[in-house]
There are 2 protein chains.
Amino acid sequence: MPSILKEKGPEELLKKYHLRNTDCRVKILESFQQFDFALSQGFLEEELKHSFDRVTIYRTLKSFLENGLIHKILDNEGGIKYALCSDDCSGGDHHHSHVHFKCEVCGQTVCLEKSTIPDVKIPKNFLVDEVNVLVSGICGKCR
Amino acid sequence: MPSILKEKGPEELLKKYHLRNTDCRVKILESFQQFDFALSQGFLEEELKHSFDRVTIYRTLKSFLENGLIHKILDNEGGIKYALCSDDCSGGDHHHSHVHFKCEVCGQTVCLEKSTIPDVKIPKNFLVDEVNVLVSGICGKCR
DNA sequence: TTATTTTTGCAACATTGTTGCAAAAATAAA
DNA sequence: TTTATTTTTGCAACAATGTTGCAAAAATAA
Ligand SMILES: [Zn+2]
Ligand SMILES: [Zn+2]
Ligand SMILES: [Zn+2]
Ligand SMILES: [Zn+2]
């Protein structure tokens with residue numbers, strides 16, 4: 001869990017990842033560090049509405065994703081969310097093995113870093129690249 | 001696996017599920033029976049473009065979902081897909097425990113009825129309702 | 001300080017989700 | 001079989017999100 005992405009300052013992170021230091025990127029990184037749940041593009045748009053265009057936010061997320069600063073989280077309503085990477089995902093080569101949990105009450109999705117992806121048996125002629133697990137239910141806070 | 005949804009005729013199914021027998025519903029059920037992979041709304045729209053309005057297709061899927069004829073399948077690109085239910089999901093109370101596989105080459109998603117959802121360890125103060133597993137990689141056909 | 005490269009905002013368009021409403025179709029009742 | 005009732009459909013309309021092109025602005029390199 002001790003990920004530099006969650007600990008170092010946004011400006012330092014951008015330098016480390018060879019991304020230019022811009023207001024939008026700093027603000028978005030700050031948002032990810034500030035909230036302890038996964039963020040959707042819509043959430044960030046709302047959060048930064050008066051500061052940046054939605055296309056800029058869209059492109060920033062895309063860039064962060066490609067460079068391994070954030071990872072994508074599936075959603076059962078179609079709307080994808082994002083969270084800071086914990087492992088080393090530099091170069092956009094993501095290596096996550098944790099489960100995601102979506103609360104049906106508060107709607108928040110969180111990374112359960114301690115819940116590792118279990119083994120899934122797949123027909124032997126299939127080649128597995130990635131396994132995504134989304135658990136839905138009620139989170140600790142909402143019970 | 002021997003699900004009536006995959007074996008009985010569309011008209012019979014509609015009667016069984018107390019849904020009115022309409023052209024659109026029959027055609028959509030036929031499509032689900034015809035293809036051995038999960039279908040997206042967009043795919044059905046393309047398939048039935050000249051026959052039905054996209055809102056009707058949207059509502060038909062919603063109705064099938066609520067009545068337990070089809071189940072929702074997560075997708076890592078945000079676009080949700082659907083497949084016929086295999087277990088008894090009447091009343092929209094879905095009871096699935098199989099894994100879904102999305103091929104990164106052909107883009108098709110399939111139900112792996114024989115790959116059951118493994119146990120996932122979740123913090124004990126969390127309440128689990130449903131577990132969705134999406135495996136991506138390369139399917140048998142595409143290797 | 002200037003030149004180069006990247007990022008941003010804006011316009012524009014595509015796809016999907018969603019609702020309201022009146023017309024059409026399906027089923028129930030007479 | 002005809003009429004009444006209920007449901008479904010098509011269409012208009014709007015929201016959210018994804019996506020690209022392009023010129024202006026900003027960041028970095030020279
Ligand atoms: Zn990652
Ligand atoms: Zn995560
Ligand atoms: Zn089901
Ligand atoms: Zn399935």
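Naming convention: chains lettered A, B, ... in sequence-line order (proteins, then strands); numbering from 1 in each chain.
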Do the ring planes of A:F37 and A:F35 sit parallel (below 30°), tilted (30 to 60°) or perpendicular (above 60°)?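 Judged by the thresholds at 30° and 60°, the geometry between A:F37 and A:F35 is tilted.
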
For D:dG18, which nucleotide is its Watson-Crick or G-U wobble mate, given both distances must be under 3.5 Å? C:dC13

Which one is paired to D:dA29, where only Watson-Crick or G-U wobble pairs with both distances under 3.5 angstrom count? C:dT2

Which comes earlier along DNA chain C counting from the 5' end, the contact point of B:D23 or that of B:G42, where each point is its nearest nucleotide? B:G42

5' priority, DNA chain C, between B:N21 and A:D53 [closest heavy atom]: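 Nearest-nucleotide comparison on DNA chain C picks A:D53.
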
Starting from P on D:dT17, measure out to CD on B:E77 and report it in whole angstrom.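 Answer to the nearest Å: 17 Å.
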
Mind checking [X] for me? I need base, sugar-phosphate or nothing, with any heavy atom below 4.0 Å counting as a touch.
| X | value |
| --- | --- |
| B:R54 | base |
| A:S40 | nothing |
| B:R25 | sugar-phosphate |
| B:K62 | sugar-phosphate |

More than 12 heavy atoms from other groups under 6.0 Å of CG on A:N125: yes

Give a yes or no on this: more than 12 heavy atoms of other residues, nucleotides or ligands lie within 6.0 Å of atom NZ of A:K72. yes

DNA chain C: 5'-most and 3'-most nucleotides touching chain A, 4.0 angstrom heavy-atom criterion: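 Going 5' to 3' along DNA chain C, contacts run C:dT5 to C:dA12.
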
Determine whether the aromatic ring centres of A:H95 and A:H71 lie less than 6.0 Å apart. no

Are B:F64 and B:Y82 close enough that their ring centres sit under 6.0 Å apart? no

On the nucleotide D:dT17, are OP1 or OP2 found under 4.0 Å from the side-chain N or O atoms that A:Y58 carries? no

DNA chain D: B:T60 or A:R20, which has the more 5' nearest nucleotide? B:T60

For the side chain of A:N67 and the backbone of A:L69, is there at least one donor-acceptor N/O pair under 3.5 Å apart? no

